[in-house]
There are 2 protein chains.
Amino acid sequence: MKSYRQSLVLELVDQEPITSQEQLRERLKGRGIDVTQATLSRDIRDLGLVKRASDGAYRRPGVEEAAGDPLPVLRRAVAEILRGIEAVQTLVVLRTDPGQAQPLAIAIDRARLADVAGTISGDDTILVICRGEREAQTFRRQIEEWVRT
Amino acid sequence: MKSYRQSLVLELVDQEPITSQEQLRERLKGRGIDVTQATLSRDIRDLGLVKRASDGAYRRPGVEEAAGDPLPVLRRAVAEILRGIEAVQTLVVLRTDPGQAQPLAIAIDRARLADVAGTISGDDTILVICRGEREAQTFRRQIEEWVRT
DNA sequence: CACAATCCTGAATATTTATGAAATCCTATC
DNA sequence: GATAGGATTTCATAAATATTCAGGATTGTG
């Protein structure tokens, strides 16, 4: 019983956001398993599940969430907060308004562009490490394009 | 106030197991910060901390038990949260899941590897500055090795 | 079978966390 | 300084979770 129930718990937790033990209880009932919240509290401890404060959902540790399409977010971010751009060999330096570098850098990271190996950012400057000099130019041109649009 | 307090929360949570918001409240009071539990509930959500059911301790997602030898910690961190690695000249760019770069960078720093001069990290990217191109390759290979194991 | 030891569970309850509403604190502007 | 608007915090309370205790099951042993 117990181990079957626990494997079902993992399955449920993986396929939809479960944010409370009561909710989990209902889902299990739907599958013909009826237990109390106390039991689920113990199951969750046994399974080592984790409750993320950001959305309150139970998760197996280490499994991350995928969000919506990051490209539009990036385009908006560029249009809104980019103030300057410059390529130096394989690096591209972006300037923003004070305090805006971090959000823009995150947008770039999440867009997972082919030219970009990664970014590091300070307060109003972002360093974009590109995969080569050619890629740095391509990236700069792409961004400049977005600024104009 | 808020951002200072939140950085203190991260610090406290990293250095000892905090299992309730009241406990966190006491620790903060010990550092001269006096707030209510309600505020901490919101801070914890803002910071995206996670409460592990296995021991009830709050953690930054992805960070594993900080203890003794830093190498095993690093290996585990690599296995768990590394998503990509790439060397560009003397630099190595590591990619992680969103928001996970910081903890992995800390693990690298603490391991004090011979090839590594230092690290800088953003949201999901870490820039590792190696002591030379040869060392960058060695470091990359070492990490890749760990990913496979 | 009888017994003990152990595991699992539910009920009741204690503890912990989240939240709505009001109060307070900041910051910018006149 | 006075004031508006927003952010942040507290207070009070609701909601969610953990735990204690006791009652079956189940298993192993003589």
Undergrad: Rounded to whole Å, how long is the line connecting atom CG of B:Asp43 with atom C1' of D:dT9?
TA: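 Rounded to whole Å, this separation is 10 Å.
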Undergrad: Would you work out how much the helix from C:dC1-D:dG30 to C:dC30-D:dG1 bends between its ends, with each end axis defined by five base pairs, to 10 degrees?
TA: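 It comes to 30° between the two terminal axes.
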Undergrad: Given that A:Lys51 and B:Val35 both sit by DNA chain D, which one's nearest nucleotide is further toward the 5' end?
TA: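 Checking each residue's closest nucleotide, the 5'-ward one belongs to B:Val35.
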Undergrad: Any chance you could measure A:Lys51, atom NZ, to A:Gln21, atom CD, to the nearest 0.5 Å?
TA: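 Separation between the atoms: 7.5 Å.
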Undergrad: When the distance from CG of A:Leu49 to P of D:dA18 is rounded to whole Å, what number comes out?
TA: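 Spelled out: CG on A:Leu49 to P on D:dA18 is 11 Å.
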Undergrad: State the CG-CD distance between A:Leu40 and A:Gln23, to the nearest 0.5 angstrom.
TA: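 CD of A:Gln23 is found 11.5 Å from CG of A:Leu40.
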Undergrad: Could you grab the distance from atom OG1 of A:Thr39 to atom CD1 of A:Ile33, nearest 0.5 Å is fine?
TA: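 The OG1 atom of A:Thr39 sits 11.5 Å away from the CD1 atom of A:Ile33.
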Undergrad: Could I get a table of every N or O pair under 3.5 Å where one atom is in the protein and the other is in nucleotides 11-14 of chain D?
TA:
none

Undergrad: Taking CD1 from A:Ile44 and P from D:dT17, how many angstroms apart are they, rounded to a whole number?
TA: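 After rounding, the reported distance stands at 7 Å.
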Undergrad: Are any of the side-chain nitrogens in B:Arg25 or B:Asp34 under 4.0 Å away from the carboxylate oxygens of its partner?
TA: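 Yes.
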Undergrad: For residues A:Leu82 and A:Leu113: do they belong to one hydrophobic cluster (side chain heavy atoms under 4.5 Å, members Ile, Leu, Val, Met, Phe, Trp, Tyr)?
TA: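 The answer is yes; both residues are in one hydrophobic cluster.
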Undergrad: Can you sort out the partners of A:Arg131 under side chain to side chain donor-acceptor pair (under 3.5 Å), two or more places apart, ordered by chain and number?
TA: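 Partners of A:Arg131 under the side chain to side chain donor-acceptor pair (under 3.5 Å) test: B:Glu86.
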Undergrad: Could you list the residues that satisfy side chain to side chain donor-acceptor pair (under 3.5 Å) with B:Gln89, not counting sequence neighbours?
TA: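 Side chain to side chain donor-acceptor pair (under 3.5 Å) list for B:Gln89, sorted by chain: empty.
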Undergrad: Do A:Tyr58 and A:Leu24 have side chains that get closer than 4.5 Å, going by heavy atoms?
TA: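 SC-SC contact between A:Tyr58 and A:Leu24 ruled out.
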Undergrad: Any side-chain N or O of A:Ser41 less than 4.0 Å from the OP1 or OP2 oxygen of D:dT17?
TA: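 Negative; the distance criterion is not met.
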Undergrad: List in numerical order all residues of residues 16-31 of chain A for which some heavy atom is under 4.0 Å away from an atom belonging to DNA chain C.
TA: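 Under 4.0 Å from DNA chain C: no residue of residues 16-31 of chain A.
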Undergrad: Please name the pair of heavy atoms, one in B:Thr125 and one in B:Arg95, separated by the smallest distance, quoted to 0.1 Å.
TA: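 Smallest interatomic distance, heavy atoms only, reads OG1-NE, 3.2 Å.
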Undergrad: Taking 4.0 Å as the cut-off, does a side-chain nitrogen or oxygen of B:Arg45 come that near to OP1 or OP2 on C:dT17?
TA: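 Answer no for this pair, as no side-chain N or O of B:Arg45 is under 4.0 Å from OP1 or OP2.
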Undergrad: Not counting sequence neighbours, which residues clear side chain to side chain donor-acceptor pair (under 3.5 Å) with B:Thr90? List them please.
TA: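 None.
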Undergrad: Side-chain contact, heavy-atom cut-off 4.5 Å: A:Leu10 with A:Leu49?
TA: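 The answer is yes, as the side chains (C-beta and beyond) meet within the 4.5 Å cut-off.
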Undergrad: For B:Leu40 and D:dT10, what is the distance between atoms CG and C1' respectively, to the nearest whole Å?
TA: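 It is 12 Å, rounded to the nearest whole Å.
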Undergrad: Using OP1 and OP2 only, check whether a side-chain N or O of B:Tyr58 sits under 4.0 Å from C:dT16.
TA: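 So the side-chain polar atoms of B:Tyr58 never come under 4.0 Å of the phosphate oxygens OP1 or OP2 of C:dT16.
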